[in-house]
Colleague: 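Below is a structure I'd like to ask you about.
Read the numbers this way: they start at 1 and go in the same order the structure lists the ligands and their atoms.
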Amino acid sequence: MNPDSAQTGPKKEGVLYIVATPIGNLDDLSPRAISVISQADVIAAEDTRHTGRLLQHLGLKKTMMAIHDHNERDKAGAVVDKLVSGASIALVSDAGTPLISDPGYVLVRQARQSGVRVVPVPGPCALVAALSAAGLATDRFLFEGFLPAKRGARKAALEDLAGETATLIFYESPHRILETASAISEVMGAGRQVVLARELTKAFETFYSGSAADICDQLAADPYATKGEFVVMVEGAEASAEAHAGLDVDKFLRLLLAELPVKKVAQLGSELTGLAKNDLYQRALTIKNE
Ligand code: SAM
């Protein structure tokens, strides 16, 4: 027997736990999450005041440290040193799963590079909760996080995604939801199916679903529409095109071309059918030159 280990015991292995916490309903905190939080040496929290309230709810007093977007690069090294020396640390964000549009990537990467065990403790995540109940295709989906805040950049991002065939998922803040819904309608077509999940797991949980144009109307008519948190989901381009499978595209384009220039035909055609604007532009150009 090693005399050192007889005196001090085997060295404790440091573990970084990535713990999902509720996105609204506190009952969604799993028993395993509670156990890991209670036993961790340190809680690394996105906002210590916010997590302090969760700990208070659990009746726990814990050592906390702040890890957020502004200090993660500077602090990650010190946290990894603690892990290497045997500490168990639970990383939590304000809500949901850490690293999903939340801090933690730098820390997890450095911890793994240093050979530290990283253990997920899964639980609530707004995008998964929203998608699971949206009624949109779930076999392929593309999570894009937050769209750019500036109007031009947001429109450009949506244009890049207009032909994407997977279900699209975005996070959005309440004060931009109206603008985002109308940008989706403008860029991807007024007929594109959209589902908004608002205030998931909370008292005023609401799903809005319908065409992009309907969604804009629903939001405009609902005084609570710009309050709370949103997940925005948009059906993929292929599903949208299938919905217009019976449409005689050439006839439709000829009718529009009789009244409008090619560029306008492509834009309006895309808004009305959800078909890709570039494809409609090329086809309209060919028809015009025939
Ligand atoms: N890490 C979190 C997760 O796992 O979902 C996401 C954090 S991100 C900073 C916050 C965004 O998630 C909100 O702006 C909103 O788009 C979405 N979100 C969080 N909680 C939500 C809820 N209860 N209902 C709808 N969306 C929510």
Side-chain angles (χ1 to χ4, degrees), residues 16-30 32-33 36-37 43-51 53-54 57 66-72 90-109 118-136 138 141-150 154 157-158 161 167-181 183-184 194-209 215 218-219 222 224-234:
L16 176 60
Y17 294 96
I18 311 301
V19 184
T21 57
I23 55 171
N25 190 328
L26 289 178
D27 288 346
D28 289 339
L29 189 66
S30 74
R32 183 171 171 229
V36 165
I37 289 172
I43 311 297
E46 182 184 6
D47 177 339
T48 52
R49 275 180 311 175
H50 188 101
T51 298
R53 289 195 285 276
L54 180 70
H57 168 79
I67 290 278
H68 45 69
D69 284 336
H70 305 293
N71 72 358
E72 187 179 355
L91 176 71
V92 299
S93 55
D94 287 355
T97 302
L99 279 83
I100 306 301
S101 289
D102 266 339
Y105 166 69
V106 177
L107 175 59
V108 169
R109 198 174 161 82
V118 182
V119 174
V121 181
C125 180
L127 80 97
V128 175
L131 182 64
S132 70
L136 292 173
T138 56
F141 60 89
L142 180 61
F143 174 57
E144 281 283 317
F146 288 90
L147 281 163
K150 292 204 172 129
R154 186 170 49 217
L158 288 171
L161 292 166
T167 297
L168 297 167
I169 307 179
F170 307 97
Y171 283 163
E172 192 51 282
S173 74
H175 62 275
R176 273 200 292 271
I177 192 69
L178 285 170
E179 280 183 46
T180 293
I184 290 170
V194 174
V195 180
L196 306 182
R198 175 177 159 269
E199 293 287 84
L200 287 162
T201 77
K202 302 185 197 176
F204 296 103
E205 178 180 278
T206 314
F207 279 80
Y208 302 82
S209 72
I215 291 289
Q218 289 177 44
L219 289 177
D222 183 346
Y224 299 105
T226 52
K227 297 195 169 57
E229 302 189 277
F230 282 91
V231 180
V232 177
M233 293 159 285
V234 183

Colleague: Which of the numbered atoms in ligand 1 are under 4.0 angstrom from any heavy atom belonging to Ala197?
Modeller: 25 (C)
Colleague: With the side chain counted from C-beta on, respond yes when Arg198 and Tyr224 share a heavy-atom pair under 4.5 Å apart, and no when they do not.
Modeller: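 Yes; the side chains approach each other to less than 4.5 Å.
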Colleague: Just need the protein heavy atom nearest to atom 17 (C) of ligand 1, so name the residue and atom and give the distance.
Modeller: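 So the nearest neighbour among protein heavy atoms is Tyr171 CD2, 3.7 Å.
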Colleague: Is there side-chain contact between Leu158 and Leu147, with heavy atoms separated by less than 4.5 Å?
Modeller: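 Yes, close enough: below the 4.5 Å cut-off.
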Colleague: Quick one: are Glu229 and Glu199 in side-chain contact, heavy atoms under 4.5 Å?
Modeller: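 Result yes, sub-4.5 Å side-chain heavy-atom pair found.
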Colleague: Decide whether the shortest distance between a heavy atom of Ile100 and an atom of ligand 1 is less than 4.0 Å.
Modeller: yes
Colleague: Quick check: closest heavy atoms across Ala90 and Val19, and the distance to 0.1 Å?
Modeller: CB-CG2, 4.0 Å
Colleague: Is there at least one pair of N or O atoms, one from Pro98 and one from ligand 1, spaced under 3.5 Å apart?
Modeller: no
Colleague: By number and element, which atoms of ligand 1 are closer than 4.0 Å to a non-hydrogen atom of Thr97?
Modeller: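 That gives atoms 1 (N), 3 (C), 4 (O) of ligand 1.
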Colleague: Nearest to atom 9 (C) of ligand 1, what protein heavy atom do you find, and at what distance?
Modeller: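 Nearest neighbour among protein heavy atoms for atom 9 (C) of ligand 1, to 0.1 Å: Ser101 O, 3.2 Å.
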Colleague: Give, for atom CZ of Phe141 and atom CG of Leu127, the distance between the pair rounded to the nearest 0.5 Å.
Modeller: 6.0 Å
Colleague: Nearest protein heavy-atom contact for atom 7 (C) of ligand 1: which residue, which atom, what distance?
Modeller: Asp102 OD2, 3.3 Å
Colleague: Return the closest protein heavy atom for atom 15 (C) of ligand 1 as residue, atom name and distance.
Modeller: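 Protein heavy atom with the smallest distance to atom 15 (C) of ligand 1: Phe230 O, 3.4 Å.
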Colleague: I'd like to check Thr138 versus Thr167 (side-chain heavy atoms, cut-off strictly below 4.5 Å). Are they in contact?
Modeller: no
Colleague: List the residues meeting salt bridge (charged side-chain N to carboxylate O under 4.0 Å, His left out) with Glu72, not counting sequence neighbours, and say none if there are none.
Modeller: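 Residues passing salt bridge (charged side-chain N to carboxylate O under 4.0 Å, His left out) with Glu72: none at all.
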Colleague: Between Ile184 and Val232, is there a side-chain heavy-atom distance shorter than 4.5 Å?
Modeller: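 Touching, per the 4.5 Å side-chain cut-off.
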Colleague: Which of the atoms in ligand 1, numbered in the order shown and given with their element, are less than 4.0 Å from a heavy-atom of Lys202?
Modeller: 23 (N)
Colleague: Can you find a pair of side-chain heavy atoms, one from Tyr208 and one from Ile177, that are under 4.5 Å apart?
Modeller: no
Colleague: Measure the distance from atom 10 (C) of ligand 1 to every protein heavy atom, then report the residue, atom name and distance (to 0.1 Å) of the closest one.
Modeller: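 For atom 10 (C) of ligand 1, the nearest protein heavy atom is Phe146 CZ, 4.0 Å.
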Colleague: For atom 2 (C) of ligand 1, grab the closest protein heavy atom and report residue, atom and distance to one decimal in Å.
Modeller: Ala95 O, 3.2 Å
Colleague: Under 4.0 Å from any heavy atom of Gly96, which atoms of ligand 1 are there?
Modeller: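 Numbered from 1, ligand 1 contributes 3 (C), 4 (O).
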Colleague: Does the separation of the ring centres of Phe143 and Tyr171 fall below 6.0 angstrom?
Modeller: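 When the ring centroids of Phe143 and Tyr171 are compared, they turn out to be within the sub-6.0 Å range.
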Colleague: Would you mind checking which non-hydrogen protein atom is closest to atom 26 (N) of ligand 1, with the distance to 0.1 Å?
Modeller: Val231 CG2, 3.5 Å
Colleague: So which heavy atom in the protein is nearest atom 18 (N) of ligand 1, and how far is it from that ligand atom?
Modeller: Ala126 CB, 3.5 Å
Colleague: Which ligand 1 atoms, with their elements, are less than 4.0 angstrom from a heavy-atom of Glu172?
Modeller: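 Per the distance check, 14 (O), 16 (O).
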